[in-house]
Amino acid sequence: MALTIYNSYSRKKEEFKPITPGHVGMYVCGPTVSGESHLGHARPYVTFDVLFRYLQHMGYKVRYVRNITDAGHFEEEGREGVDKVSKKALLEKLEPMELVQKYTNLFHWAMHEMNCLNPTIEPTATGHIVEQQVMIKKIIDDGYAYESNGSVYFDVVKYSKSHDYGKLSGRILEDLLETTRKLEGQEEKRNLADFALWKAASPEHIMRWESPWGVGFPGWHIECSAMATKYLGPRFDIHGGGMDLLFPHHESEIAQSTICNDTPPVNYWMHNNMITVNGRKMGKSYNNFITLTEMFSGKHPLLTQPVAPMTIRFFILQSHYRSTLDFSAEALQSSEKAFKRLWESYELVKQLPVDNEKTGDEELNKKVLKWLDELEAFMNDDLNTAKVIANLFELVPIINGLRDKHIAKEALPGSTIKLMHQKMKIFIEDILGLQNRSISNHVIVRGIMGLIVNIRKEARSKKDFVTSDLIRDKLNELGIVLKDEKDGSVSWNQQ
RNA sequence: GGUCCUUUGGCCGAGUGGCUAGGCAAAGCUCUGCAAAAGCUUCUACAGCGGUUCGAAUCCGCUAGGGACCUCCA
């Protein structure tokens, strides 16, 4: 069964065929590290992390490139006024790399918390100024860019005469030429639709490099083209990012790269939809974003409690990546409970006996096998993680029922139980990248808890419920919940 | 204004023209020293109007609401 993915370029689902058999080149637009990442940013990184994991699961060797945008017009909020005063001592001034380092570290931390695998290459824009300049030179030499006042612009009008500018974003060039927006430096352009490859830096601009066109900094779109070309070649398989990057960012990327490399750069363009707040896109411009540190700590007016990183991951994966996903504290709470229930049942399946050889309930067995079989088909259908999770939940009452003896032990053969365990491991942990970060994984904690549980068991057997309830209540205060199971065993977990 | 998308039960969310996704919440029951879980049962929705079809949440049209991009944006 083949993986199909929705290609924004053709606006259709297409079967995925890599350029080089067995290998996949994938580029995802990374964060701009002039500020902290928010919940909205988490979506593409989780989405494409799942794609990265799934491609590897399929046996592909994947080169996953995700950039760090650390060049551009950077100002840290509240500091720009001070920083622009050049008389300040060096250490008092904003050092761009300091700012960039701070938010890069924070980003990496948040990614780790959400169990996103590291990309195989994570290039920075500042580390590839030379590559960008070489690319710009090539485009000028080819006659598709011009210098103006120390800046360099891409000639969109000329490009569109021989190429399909606007195809990806559904834009019509004539409309773009008539745009009434008044932007800085607009008079330097031949046409309003032209975009900057290199921008001259004003004296107070804190990020600046020498170039053949004067001191300046690279245009926003060129870094992705330069780094993708360098690490993935002129033409590669998958390019991902948020839908809001379709225009102008990705449209410009196509134009630049096409001129520079004589080929359209990407076979499959993938775009995730936005996370919304009350139906409105979460974003910088609307000032309705919640940073990931605020999410994890719960320190935000819209939150009633801290939101675990895994809850965010699960929340994102419960919807399809091309649909909008509406944020609310309630929705996240419901995800938290749901994930917990799924995980506990997954823990349980590992302990179910697998020695039964009969199939007592043919119908149930067939249903379970069907649910398991469908998991892969759902992933293959444009990464339908929502359906994968729905099927995993179908298994929950079955597993719990076997534990409670509600469903007879003989109902399902051991082979089915084993398969459930195996598939749940693959899909929950390896592909969806969900994990349990609670202290219950710690070997010493397990030992201590085993001891406490035994002491309590002893008390209960003597009907000393004062002691047994005290233990349970005190553990509860620490966030550990004990459950007396029907079969006399005791299970526990961290809230 | 242009281009495009969207509207699903109390809430969140999948949905390939026929076979009621799933989660959360709620109610009842079972189990249990108590509790917490868990299990069982109940809750059959697709913005409105019209059309195509044997059959429409799904296709088409119109109306209404919401949104995205056109500007930094995941």
Side-chain angles (χ1 to χ4, degrees), chain A residues 11 13 28-32 34-35 37-48 72-73 166 169-172 174-176 178-184 193 220 240-249 251 271-276 278-286 289 314-315 318-320 322-328 330-342 344-345 348 374 378 381 384-394 396-407 460 463-465 468-469 472-473 476 481-486 491-493 495:
Chain A
R11 286 151 213 252
K13 278 187 198 171
V28 173
C29 288
T32 300
S34 60
S37 296
H38 60 67
L39 178 64
H41 296 117
R43 193 169 198 192
Y45 305 134
V46 168
T47 299
F48 293 109
H73 184 76
S169 57
R171 220 62 29 152
I172 298 157
E174 284 69 41
D175 298 341
L176 295 171
E178 286 161 22
T179 180
T180 53
R181 302 243 175 214
K182 280 183 194 141
L183 295 164
E184 202 188 336
W220 174 38
M243 256 175 198
D244 48 356
L245 296 178
L246 266 164
F247 190 88
H249 188 54
E251 196 71 59
H271 292 92
N272 63 277
N273 214 320
M274 301 293 107
I275 288 183
T276 56
N278 296 321
R280 197 112 205 247
K281 172 187 171 184
M282 179 180 283
K284 212 158 77 179
S285 3
Y286 300 118
F289 59 86
F314 188 78
F315 172 67
Q318 263 185 308
S319 72
H320 188 262
R322 283 191 292 114
S323 304
T324 55
L325 171 59
D326 203 53
F327 159 88
S328 70
E330 296 74 38
L332 281 162
Q333 261 166 43
S334 122
S335 288
E336 184 186 325
K337 286 191 182 172
F339 175 53
K340 202 177 144 227
R341 183 157 158 252
L342 178 64
E344 281 177 16
S345 142
L348 211 62
E374 283 172 338
F378 292 154
D381 183 15
N384 200 330
T385 56
K387 277 191 157 189
V388 168
I389 290 174
N391 264 34
L392 291 170
F393 269 109
E394 297 283 10
V396 171
I398 311 297
I399 294 166
N400 291 335
L402 284 166
R403 187 264 323 258
D404 289 352
K405 314 275 192 288
H406 215 268
I407 297 172
R460 283 184 78 213
K463 299 241 184 293
D464 178 7
F465 296 122
S468 78
D469 287 356
R472 190 172 61 195
D473 292 346
N476 218 328
V481 178
L482 288 189
K483 293 180 218 165
D484 297 320
E485 305 293 353
K486 276 200 199 96
S491 68
W492 62 276
N493 59 43
Q495 282 306 78

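Proteins come first, then strands; the chains are lettered A, B, ... in the order of their sequence lines, and each starts at number 1.
With sequence neighbours left out, A:R280 forms a salt bridge (charged side-chain N to carboxylate O under 4.0 Å, His left out) with no residue at all. Residues satisfying the salt bridge (charged side-chain N to carboxylate O under 4.0 Å, His left out) test with A:E394, not counting sequence neighbours, are none. Considering only residues two or more places apart in sequence or on other chains, A:K13 meets the salt bridge (charged side-chain N to carboxylate O under 4.0 Å, His left out) condition with A:D381. Remark: A:S323 engages A:H320 in a side-chain contact (heavy atoms from CB on, under 4.5 Å) (not counting sequence neighbours). For the side-chain hydrogen bond (donor to acceptor under 3.5 Å, both in side chains) test, no residue two or more places apart in sequence or in another chain qualifies with A:D404. With sequence neighbours excluded, no residue forms a salt bridge (charged side-chain N to carboxylate O under 4.0 Å, His left out) with A:R43. Checked against ring-ring contact (aromatic ring centres under 6.0 Å, His included), A:F48 has no partners two or more places apart in sequence or in another chain.
Among the atoms of the strands shown, only primed sugar atoms or phosphate atoms (P, OP1, OP2) are found under 4.0 Å from some heavy atom of A:R403. Residue-level contact check: A:M282 touches the bases, meaning some heavy atom is under 4.0 Å from a base atom. A:G40 comes within 4.0 angstrom of a nucleotide base, judged by non-hydrogen atoms across all strands. Using a 4.0 Å heavy-atom criterion, one finds that A:L245 contacts the sugar-phosphate atoms exclusively. Heavy atoms of A:H249 sit nowhere under 4.0 angstrom from any nucleic acid atom. Heavy atoms of A:L482 sit under 4.0 angstrom from at least one base atom. Note on A:I275: a base of the nucleic acid sits closer than 4.0 angstrom, heavy atoms only. Among the protein residues, A:S285 comes within range of the nucleic acid bases, having at least one heavy atom under 4.0 Å from a base atom.
In this structure, A:D473 places its CG atom 14 Å from C1' of B:G33, rounding to the nearest Å. Following rounding to the nearest Å, A:F315 (CZ) and B:A74 (P) show an atom-to-atom distance of 18 Å. Atom NE2 in A:H406 sits about 14 Å away from atom C1' in B:A37, given to the nearest Å. Between A:D404 atom CG and B:A36 atom P the separation is 16 Å, expressed in whole Å. Rounding to whole angstrom units, CG of residue A:D381 and P of B:U16 are separated by 8 Å. If you measure from atom CD1 of A:I399 to atom C1' of B:A38, you get 13 Å, rounded to the nearest angstrom. Rounded to a whole Å, the CD atom of A:E485 is 16 Å from the P atom of B:C34. When rounded to the nearest whole Å, the span between CZ of A:R171 and C1' of B:A68 equals 10 Å.
A:N400 CG to A:L348 CG: the interatomic distance, rounded to the nearest 0.5 Å, is 6.0 Å. Distance CD1/A:I399 to CG/A:L392: 9.0 Å, rounded to 0.5 Å. Here the OG1-CG distance, from A:T47 to A:N272, works out to 5.0 Å after rounding to the nearest 0.5 Å.
If you check B:A14, B:A68, B:G39 against the side chain of A:H320, the one that comes closest is B:A14. Checked against B:A74, B:G33, B:A37, the side chain of A:S468 finds its nearest nucleotide in B:G33. Between B:G39, B:C12, B:A36, one nucleotide has an atom nearer to the side chain of A:A331 than all others, and that is B:C12. Out of B:A14, B:C34, B:C72, the shortest distance to the side chain of A:K284 is found at B:C72. The side chain of A:R472 lies closest to B:A35 when the candidates are B:A35, B:A74, B:A38.
Salt bridge annotation for A:E344-A:K483: present, with a cationic side-chain nitrogen under 4.0 angstrom from a carboxylate oxygen.
Judged by atom type and distance alone, A:S169 does not reach the base of B:C69 through any side-chain donor-acceptor pair under 3.5 Å. Judged by distance alone with a 3.5 Å cut-off, a donor-acceptor contact links the side chain of A:D484 to the base of B:C34.
Ring geometry, A:F393 versus A:F314: the interplanar angle exceeds 60°, so the pair is classed perpendicular (tilted spans 30 to 60°).
Distance noted for atom C1' between B:A25 and B:G9: 12 Å (whole Å). For the C1' atom pair drawn from B:U8 and B:C69, the interatomic distance equals 26 Å after rounding to whole Å. Only the C1' atoms considered, B:C24 is 26 Å distant from B:C19, to the nearest whole Å. B:U52 and B:C43: their P atoms are spaced 34 Å apart (whole Å). Comparing the C1' positions of B:G17 and B:U32 gives a spacing of 49 Å, expressed to the nearest Å. Between B:G65 and B:A47, the distance separating the two P atoms is 16 Å to the nearest Å. Distance noted for atom C1' between B:C60 and B:G67: 23 Å (whole Å). Taking atom C1' on both B:A56 and B:U3, the two are 28 Å apart, rounded to the nearest angstrom.
For A:N278 and A:G283, each mapped to the nucleotide of RNA chain B holding its nearest heavy atom, the one lying further toward the 5' end belongs to A:N278. Place A:D469 and A:D326 on RNA chain B by their nearest nucleotides, and A:D326 ends up nearer the 5' end.
An OP1 or OP2 oxygen of B:A68 is reached within less than 4.0 angstrom by a side-chain nitrogen or oxygen of A:R280. The phosphate of B:G15 has OP1 or OP2 within less than 4.0 Å of a side-chain N or O from A:N384. For B:A74, neither phosphate oxygen OP1 nor OP2 lies less than 4.0 angstrom from any side-chain nitrogen or oxygen of A:N272. Between A:K281 and B:A74 there is no side-chain polar atom (N or O) within less than 4.0 angstrom of OP1 or OP2. Close to B:C72, at under 4.0 Å from its OP1 or OP2, lies no side-chain N or O of A:Y286.
With pairs defined as Watson-Crick or G-U wobble and both atom distances under 3.5 Å, the stems of at least three pairs that touch RNA chain B come out as B:1-7 with B:64-70, B:10-12 with B:22-24, B:26-30 with B:38-42, B:47-51 with B:59-63.
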Taking only N/O atoms, report every protein-nucleotides 21-23 of chain B pair under 3.5 Å with atom names and distance.
unit_1, atom_1, unit_2, atom_2, d
B:G22, OP1, A:E394, OE2, 3.4

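Under the stacking criterion of a centre-to-centre distance below 5.5 angstrom and an interplanar angle below 30°, A:F465 sits stacked against the six-membered ring of B:G33.
Smallest separation of non-hydrogen atoms from A:Y45 and A:P31: OH-N, 3.0 Å.
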